[in-house]
Participant: 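I'd like to ask you about the structure that follows.
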Amino acid sequence: AYEIPEGSRTSKGMNIVNILPLMPDEKITIILPASELDEENFIAMVTKKGIIKRTKVSEFRNTRKSGIIAISIDEDDELGFVRMTDGDQNIFIATRDGFAIQFNETQVRAMGRSAHGVRAITLKKDDDSVVAMEVTNENTRLLTVTETGYGRISNVSDYRLQSRGGKGLI
């Protein structure tokens, strides 16, 4: 962040691809704010095809200017969501077709940076994809909004805990 030039309130800014040395086929999908990197925390990553990976924050301590590999992804997949966890929270994942699964993050073992990950949710159709991922606890409330604009607020406790890799609840 120290390489980002300071600008005035009315300045245009600078494209982040001019600051980070990205490969031609790379794009930024997530920026994770981390003011304090507690070595005991984890970073949970979920792809659009339902793969989850959990890595200790300490694995990202020594970065290079060109960056480091955080997850290995299949060619037809892409990173969708990244959240910081404390090691004993629940992970809630929702799909485009209206299915959701909630499981404890301890069901996903901590992996190294270059690992691929494991199945978080089984997608029923090829055109289905993960559209949301959130770290929850028993007091979390969820706002669910459909493509047509209908929405509802529900308690996360309305969704029972399941095993990782299941098809989820409608």
Participant: Give a yes or no on whether the backbone of Thr47 and the side-chain of Asp77 come within a donor-acceptor separation of less than 3.5 Å.
Facilitator: no

Participant: Is there a donor-acceptor pair under 3.5 Å between the side chain of Lys53 and the backbone N or O of Gly112?
Facilitator: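 Answer holds: yes.
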
Participant: Nearest 0.5 Å please: distance from the CG atom of Asn90 over to the OG1 atom of Thr106.
Facilitator: 8.5 Å

Participant: I'd like to know if the side chain of Glu105 and the backbone of Ile91 have a donor-acceptor N/O pair within less than 3.5 Å.
Facilitator: no

Participant: Determine the minimum heavy-atom distance between Leu79 and Met45, stating which atoms define it.
Facilitator: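 Residues Leu79 and Met45, closest heavy atoms: CD1-CB, 3.8 Å.
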
Participant: For Asp97 and Lys125: C-alpha separation, side-chain torsions, deciding distance, then whether salt bridge (Lys or Arg N to Asp or Glu O under 4.0 Å) applies.
Facilitator: CA-CA 9 Å; Asp97 285 348; Lys125 294 191 249 173; 3.7 Å; yes

Participant: At their closest point, which heavy atom of Ala44 faces which heavy atom of Thr85, and how far apart are they?
Facilitator: CB-CG2, 4.1 Å

Participant: Might you work through the side chain to side chain contact (heavy atoms under 4.5 Å, CB included) test for Lys49 and Ile73, ending with a clear yes or no?
Facilitator: CA-CA 10 Å; Lys49 296 285 186 181; Ile73 299 177; over 6 Å; no

Participant: Mind checking the CZ-CG spacing from Phe92 to Leu142? Nearest 0.5 Å is all I need.
Facilitator: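 Atom-to-atom, Phe92:CZ and Leu142:CG are 5.0 Å apart.
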
Participant: Taking atom CZ of Arg119 as the centre, does the number of heavy atoms from other residues, nucleotides or ligands within less than 6.0 Å exceed 12?
Facilitator: yes

Participant: Can you confirm whether Val118 sits close enough to Met111 that some side-chain heavy atom of one is under 4.5 Å from a side-chain heavy atom of the other?
Facilitator: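 Answer yes - side chains close enough.
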
Participant: Is the number of heavy atoms from other residues, nucleotides or ligands under 6.0 Å of Asp126 CG greater than 12?
Facilitator: no

Participant: Nearest 0.5 angstrom please: Ile43 CD1 to Lys56 NZ, how far?
Facilitator: 11.0 Å

Participant: Checking Thr136 against Gln102: is there a side-chain donor and acceptor pair closer than 3.5 Å?
Facilitator: yes

Participant: Treating Thr122 as the side-chain partner and Gly165 as the backbone partner, does any N or O pair qualify as donor plus acceptor under 3.5 Å?
Facilitator: yes

Participant: Can you tell me how far apart CD1 (Ile52) and CE (Met133) are? Round to the nearest 0.5 Å.
Facilitator: 5.0 Å

Participant: Sub-3.5 Å donor-acceptor pair from the side chain of Arg54 to the main-chain atoms of Val108, do we have one?
Facilitator: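 Answer holds: yes.
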
Participant: If you look at every heavy atom in Phe42 and Ala110, which pair is closest and at what distance?
Facilitator: CE2-CB, 3.7 Å

Participant: Please list, one pair per line, the donor and acceptor atoms closer than 3.5 Å that link side chains of residues 147-163 to other protein atoms, with sequence neighbours excluded.
Facilitator:
{"unit_1": "Thr148", "atom_1": "OG1", "unit_2": "Thr146", "atom_2": "OG1", "d": "3.1"}
{"unit_1": "Arg152", "atom_1": "NH2", "unit_2": "Tyr159", "atom_2": "OH", "d": "3.2"}

Participant: Do you reckon Val82 sits in the same ILVMFWY cluster as Val46, going by side-chain contacts under 4.5 Å, direct or chained?
Facilitator: no

Participant: Measuring from Lys167:NZ to Thr95:OG1, what's the distance to the nearest 0.5 Å?
Facilitator: 12.5 Å

Participant: Of all heavy-atom pairs between Leu123 and Ser129, which one has the smallest distance, and what is that distance?
Facilitator: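 Heavy-atom minimum between the residues: CD1-CA, 4.1 Å.
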
Participant: Check which hydrophobic residues are tied to Leu169 through side-chain heavy-atom contacts below 4.5 Å, counting indirect links as well, and list them.
Facilitator: none

Participant: Do Asn137 side-chain atoms and Asn139 backbone N/O form a donor-acceptor pair below 3.5 Å?
Facilitator: yes

Participant: Under the 6.0 Å and 45° cation-pi test, does Arg164 pair with Phe103?
Facilitator: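 Output no; distance or angle outside limits.
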
